[in-house]
Amino acid sequence: MPTTRPSPLRTGSQAMTDTSPTHVAIIMDGNGRWAQMRNRPRLIGHHAGARRVKEIVRSCPELGVDYLTVFAFSTENWKRTQTEVAGLMRLFKRYIRREAQSLFEENVCVRFIGDRVRLEPTLVDLMDGLELMTAENTGTNLTIALNYGGRDEVTRAARRLANDVKMGKLDPRKICDETFPRYLDTHVLPDPDLVIRTSGEARISNFLLWQSAYSEYEFIDTLWPDFTPEVFAEVLERFGTRERRFGAVPV
């Protein structure tokens, strides 16, 4: 359940108590359109989007968000042009190299989810190194979904579960909806309370299919590079007005 915390982005007469979600997941959409609206290459938009990630991560402690998961690259994004995919892979490596020390010093614990098999070894090594470097940090938990797809995650989890059954490590009669999540990439994370998608698209695009069963959704028109901490705070404030019943009827 969400906890009640004051919002620091409101001062004076605007100060109020908001109900903040513990875990927010974001589908960061609109980088390419943001660049095209400015007659710039799509990769310029992705670089602007990466800078925005840094700002949003830094705003999480003040906004009361303990866990932030961002959708960086999907299993379907390989269908984009070779130029754009290659540029994104360079951007991911650049981001890790440039931000690793800052993330460590700011007490951010970084995890990656998704299938790493298709990623180039240099990128995987950087991902592994950043996870190890920040593993003991106790601040914001930042999870980056890279080469991630919800169906792919569930498929891989089912294979691991089936293998444990085959090896005699798991009794199939004891499998339940509490067993299966332990095989997901997100097994150490709480389910998201809120999923945000930027850029005006109203679909979930194969993101956290199992985990978001009872998440609240917010689809906003703002393009990701324009998603400021102030916009983030406004979305969180709206979340605080929602009644979450998880299938129950209020008495």
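Only heavy atoms go into these numbers, but all of them, side chains included; no hydrogens, no water, no symmetry mates. This chain uses plain numbering: 1 for the first residue, then up along the sequence.
At a cut-off of 3.5 Å, with distance as the only test, no side-chain donor of Y148 or N206 sits close to an acceptor on the other residue. Residues N31 and R42 have side chains that never bring a donor and an acceptor to within less than 3.5 angstrom of each other. Side-chain polar atoms of Y67 and T140 form no donor-acceptor pair below 3.5 angstrom. Q211 and E153 form a side-chain donor-acceptor contact under 3.5 Å, judged by distance and modelled atom types alone. For the residue pair N107 / T138, a side-chain donor-acceptor distance below 3.5 Å is found, with atom types taken as modelled. Between the side chains of D29 and W224, no donor-acceptor pair of N or O atoms lies under 3.5 Å.
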Under the criterion side-chain hydrogen bond (donor to acceptor under 3.5 Å, both in side chains), I'd like the reasoning laid out for T69 against R111: C-alpha separation, chi angles, the key distance, then a yes or no.
CA-CA 9 Å; T69 299; R111 300 178 181 88; over 6 Å; no
Could you walk me through whether I196 and I27 pass the side chain to side chain contact (heavy atoms under 4.5 Å, CB included) check?
CA-CA 6 Å; I196 302 169; I27 302 172; over 6 Å; no
Pair L208, I113 - check side chain to side chain contact (heavy atoms under 4.5 Å, CB included), show working.
CA-CA 10 Å; L208 299 179; I113 59 174; 4.3 Å; yes
Chi angles and distances behind the salt bridge (Lys or Arg N to Asp or Glu O under 4.0 Å) call for E106, R58:
CA-CA 8 Å; E106 292 171 17; R58 284 180 168 171; 2.8 Å; yes
Let's go through L63 and C60 carefully: what are the C-alpha distance in whole Å and the side-chain angles of both, what is the deciding distance for side chain to side chain contact (heavy atoms under 4.5 Å, CB included) to 0.1 Å, and is it a yes or a no?
CA-CA 5 Å; L63 293 172; C60 284; 5.9 Å; no
Report the C-alpha distance between R156 and D185 in whole Å, list the side-chain angles of each, state the deciding distance to 0.1 Å, and finish with yes or no for salt bridge (Lys or Arg N to Asp or Glu O under 4.0 Å).
CA-CA 9 Å; R156 288 185 286 105; D185 296 353; 2.7 Å; yes
Let's go through F92 and L123 carefully: what are the C-alpha distance in whole Å and the side-chain angles of both, what is the deciding distance for side chain to side chain contact (heavy atoms under 4.5 Å, CB included) to 0.1 Å, and is it a yes or a no?
CA-CA 8 Å; F92 296 145; L123 176 56; 4.0 Å; yes
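Residues F180 and A157 approach most closely at CZ-CB, 3.8 Å, considering heavy atoms. A pairwise comparison of heavy atoms in V231 and D226 identifies CG2-O, 4.2 Å as the closest pair. Contact detail for L194 and V235: the closest heavy-atom pair is CD2-CG1, 4.1 Å.
Cation-pi contact between R118 and W78: present, with separation from the ring centre below 6.0 Å and deviation from the ring axis of at most 45°.
Within a 6.0 Å sphere centred on CZ of R98, heavy atoms belonging to other residues, nucleotides or ligands number 12 at most. Heavy-atom neighbours of Q101 CD from other residues, nucleotides or ligands within 6.0 Å: above the threshold of 12. Other residues, nucleotides and ligands contribute at most 12 non-hydrogen atoms within 6.0 Å of the CZ atom of R40.
The backbone N or O of K54 sits nowhere less than 3.5 Å from a side-chain atom of E99 that would complete a donor-acceptor pair. Remark: side-chain polar atoms of T134 are not paired, donor with acceptor, to backbone N or O of N137 under 3.5 angstrom. Not a single donor-acceptor pair under 3.5 Å links the side chain of R52 to the backbone N or O of A48. Between the side chain of H23 and the backbone N or O of D193 there is no donor-acceptor pair closer than 3.5 Å. Between the N141 side chain and the C109 main chain, no donor and acceptor come within less than 3.5 Å of each other. Listed for the T198 side chain is no donor-acceptor partner under 3.5 Å among the backbone atoms of L223. In terms of modelled atom types and a separation under 3.5 Å, the side chain of T81 and the main chain of E84 share a donor-acceptor contact. Proximity of a side-chain donor or acceptor of N147 to a complementary backbone N or O of G114 within less than 3.5 Å is not detected. Between the N77 side chain and the S74 main chain, a donor and an acceptor come within less than 3.5 Å of each other.
Atom CD1 of I56 sits about 10.5 Å away from atom CE of M28, to the nearest 0.5 Å. Atom OG1 of T22 is separated from atom CG of L68 by 12.5 Å, given to the nearest 0.5 angstrom. One finds the CG atom of D164 at 8.5 Å from the CE atom of M167 (value rounded to the nearest 0.5 Å). Here T122 contributes atom OG1 and M127 contributes atom CE; the two are 12.5 Å apart, rounded to the nearest 0.5 Å. Separating the CZ atom in R197 from the OG atom in S205 is a distance of 3.5 Å, to the nearest 0.5 Å. Taken to the nearest 0.5 Å, the CZ atom of R159 stands 11.5 Å off from the CG atom of N163.
Using a cutoff of 4.0 Å between basic side-chain nitrogens and carboxylate oxygens, E120 and R90 are not scored as salt-bridged.
Remark: aromatic rings of F227 and F232 are close, center separation under 6.0 Å.
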